[in-house]
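What's counted below: heavy atoms across the whole structure, side chains too, no hydrogens, waters or symmetry copies. The structure presented is a predicted model; accordingly, all values stated were derived computationally and were not measured. Counting begins at 1 with the first residue of the sequence.
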Amino acid sequence: GDAVALAWSSQLTTLVKSTWWVKDGRFGVWEGLGCCGFQTMDITYQGSHSLLALFPELQQTQMRMSAGFQRDDGRIPHFFTPDLLHVDNGFDRVDMNPQFVMLVCRDYLWTGDRQYLQDMWPNVQRAIKSISLLDSDGDGLPDTDTRRNTYDQWDFKGAPSYIGSLWIGALLAGIRMARDLGDTESEALYRRVHGMAVKSFDAKLF
């Protein structure tokens with residue numbers, strides 16, 4: 001409806017004015033006026049609707065670039081700087097991983113591109129596992145090392161509702177992607193953790 005149309009049309013000027021597309025096929029959207037880098041994961045999460053709607057292959061290119069810089073511990077980079085071949089040291093931002101997972105799911109559901117999903121699935125699994133390790137008390141919610149996030153000057157602690165809600169969304173996305181790929185083991189694991197996370201979220205954060 002109107003909300004979807006607004007979401008994907010409101011960033012059309014950004015798509016024209018703030019994108020880089022180089023000869024080797026790399027593509028990235030510059031984050032904002034005077035700052036900060038390309039393919040910023042949290043900004044892509046918030047504002048890539050028009051890119052996906054009009055040029056889905058370019059959105060997939062951005063996501064594949066980020067996946068290519070995923071660390072061995074599963075952490076997804078914050079953004080690319082000073083070009084499309086290097087990333088910053090923003091791996092400590094705990095919301096990048098769940099946003100990455102949900103973006104992969106969204107892009108797959110929009111395009112129906114199963115090959116894209118299959119290619120990105122190992123990165124999705126590592127991203128989910130990385131955040132799951134931040135649950136120190138086994139209640140299903142990340143509660144350790146949750147300080148750095150997209151609210152640049154607001155350092156969190158414990159199990160913030162913002163991080164918890166992203167985590168629950170990422171688990172739901174993981175469930176859907178695992179089901180579509182026939183990965184029953186991952187689907188069962190994500191369902192179990194999701195059940196705990198939802199129960200803990202209601203009990204502790206409301």
Side-chain angles (χ1 to χ4, degrees), residues 1-16 18-30 38-70 74-77 79-80 84 95-132 165-195 197-198:
D2 292 343
V4 173
L6 178 63
W8 78 257
S9 64
S10 62
Q11 297 298 319
L12 288 177
T13 56
T14 301
L15 183 60
V16 174
S18 301
T19 54
W20 285 41
W21 192 9
V22 296
K23 289 182 179 180
D24 67 2
R26 293 177 180 269
F27 174 87
V29 181
W30 183 254
F38 299 100
Q39 169 49 4
T40 308
M41 188 57 63
D42 47 331
I43 305 304
T44 298
Y45 176 75
Q46 298 163 12
S48 61
H49 308 288
S50 57
L51 181 61
L52 178 64
L54 298 174
F55 304 104
E57 70 282 359
L58 294 181
Q59 166 59 14
Q60 291 176 337
T61 294
Q62 287 198 125
M63 295 298 292
R64 289 182 187 276
M65 281 180 9
S66 292
F69 281 84
Q70 186 178 31
R75 286 297 183 98
I76 292 293
F79 58 59
F80 284 75
L84 300 178
D95 45 346
M96 302 299 106
N97 277 34
Q99 290 169 342
F100 171 81
V101 171
M102 286 188 281
L103 281 167
V104 171
C105 187
R106 182 205 65 175
D107 297 351
Y108 155 65
L109 292 175
W110 183 278
T111 62
D113 189 340
R114 188 176 180 85
Q115 186 60 55
Y116 171 75
L117 175 58
Q118 290 174 335
D119 292 346
M120 299 291 274
W121 183 236
N123 302 96
V124 166
Q125 290 176 297
R126 289 197 296 272
I128 292 176
K129 182 177 181 180
S130 177
I131 300 303
S132 72
S165 62
L166 289 176
W167 173 235
I168 288 171
L171 288 167
L172 283 174
I175 291 167
R176 173 58 190 266
M177 290 184 284
R179 187 185 73 192
D180 285 9
L181 288 172
D183 186 341
T184 55
E185 182 178 350
S186 293
E187 181 183 358
L189 172 62
Y190 300 158
R191 286 189 184 278
R192 181 177 62 80
V193 178
H194 175 263
V198 169

[Y] side chain reached by [X] side chain, heavy atoms, under 4.5 Å:
{"X": "Thr40", "Y": "Asp42", "result": "yes"}
{"X": "Trp121", "Y": "Ser186", "result": "yes"}
{"X": "Glu187", "Y": "Met177", "result": "no"}
{"X": "Gln46", "Y": "Met41", "result": "no"}

Can you name the closest pair of heavy atoms from [X] and [Y] and give their distance?
{"X": "Ala127", "Y": "Val101", "answer": "CB-CG2, 3.9 Å"}
{"X": "Ile76", "Y": "Met96", "answer": "O-CB, 3.8 Å"}
{"X": "Leu84", "Y": "Arg26", "answer": "O-NH1, 3.1 Å"}
{"X": "Phe100", "Y": "Val124", "answer": "CE2-N, 4.1 Å"}
{"X": "Tyr116", "Y": "Asp107", "answer": "OH-OD2, 3.3 Å"}
{"X": "Ala170", "Y": "Ile128", "answer": "O-CD1, 4.4 Å"}

Pairwise distance [atom1]([X]) to [atom2]([Y]) - rounded to 0.5 angstrom:
{"X": "Cys105", "Y": "Leu117", "atom1": "SG", "atom2": "CG", "answer": "8.0 Å"}
{"X": "Ser50", "Y": "Gln59", "atom1": "OG", "atom2": "CD", "answer": "9.5 Å"}
{"X": "Ile168", "Y": "His194", "atom1": "CD1", "atom2": "NE2", "answer": "6.0 Å"}
{"X": "Gln118", "Y": "Tyr108", "atom1": "CD", "atom2": "OH", "answer": "9.0 Å"}
{"X": "Arg192", "Y": "Leu171", "atom1": "CZ", "atom2": "CG", "answer": "10.5 Å"}

Please answer whether the main-chain N or O of Leu15 pairs with a side-chain N or O of Thr19 as donor and acceptor at a distance below 3.5 Å. yes
Could you check whether any side-chain N or O of Thr111 sits under 3.5 Å from a backbone N or O of Asp113, counting only pairs where one atom can act as donor and the other as acceptor? yes
Evaluation steps, side chain to side chain contact (heavy atoms under 4.5 Å, CB included), between Ser48 and Leu103: CA-CA 9 Å; Ser48 61; Leu103 281 167; 4.1 Å; yes
Carefully, step by step, assess Gln99 and Thr44 under the rule side chain to side chain contact (heavy atoms under 4.5 Å, CB included). CA-CA 9 Å; Gln99 290 169 342; Thr44 298; over 6 Å; no
Side chains of [X] and [Y]: do they bring a donor and an acceptor to under 3.5 Å?
{"X": "Asp119", "Y": "Gln115", "answer": "yes"}
{"X": "Gln60", "Y": "Glu57", "answer": "no"}
{"X": "Gln70", "Y": "Asn123", "answer": "yes"}

Audit row: Phe80, Phe69, ring-ring contact (aromatic ring centres under 6.0 Å, His included) steps and yes/no: CA-CA 10 Å; Phe80 284 75; Phe69 281 84; 5.2 Å; yes
Can you run down the side-chain hydrogen bond (donor to acceptor under 3.5 Å, both in side chains) pairs that involve residues 165-179, sequence neighbours left out, and say none if there aren't any? Arg176-Asp180
Report the C-alpha separation of Phe38 and Trp20 in whole Å, then their side-chain angles, then the decisive distance to 0.1 Å, and conclude whether the ring-ring contact (aromatic ring centres under 6.0 Å, His included) test is met. CA-CA 8 Å; Phe38 299 100; Trp20 285 41; 4.9 Å; yes
Steps toward side chain to side chain contact (heavy atoms under 4.5 Å, CB included) verdict (Tyr45, Leu166): CA-CA 11 Å; Tyr45 176 75; Leu166 289 176; 3.6 Å; yes
Working for side chain to side chain contact (heavy atoms under 4.5 Å, CB included), residues Gln62 and Leu51: CA-CA 10 Å; Gln62 287 198 125; Leu51 181 61; 3.5 Å; yes
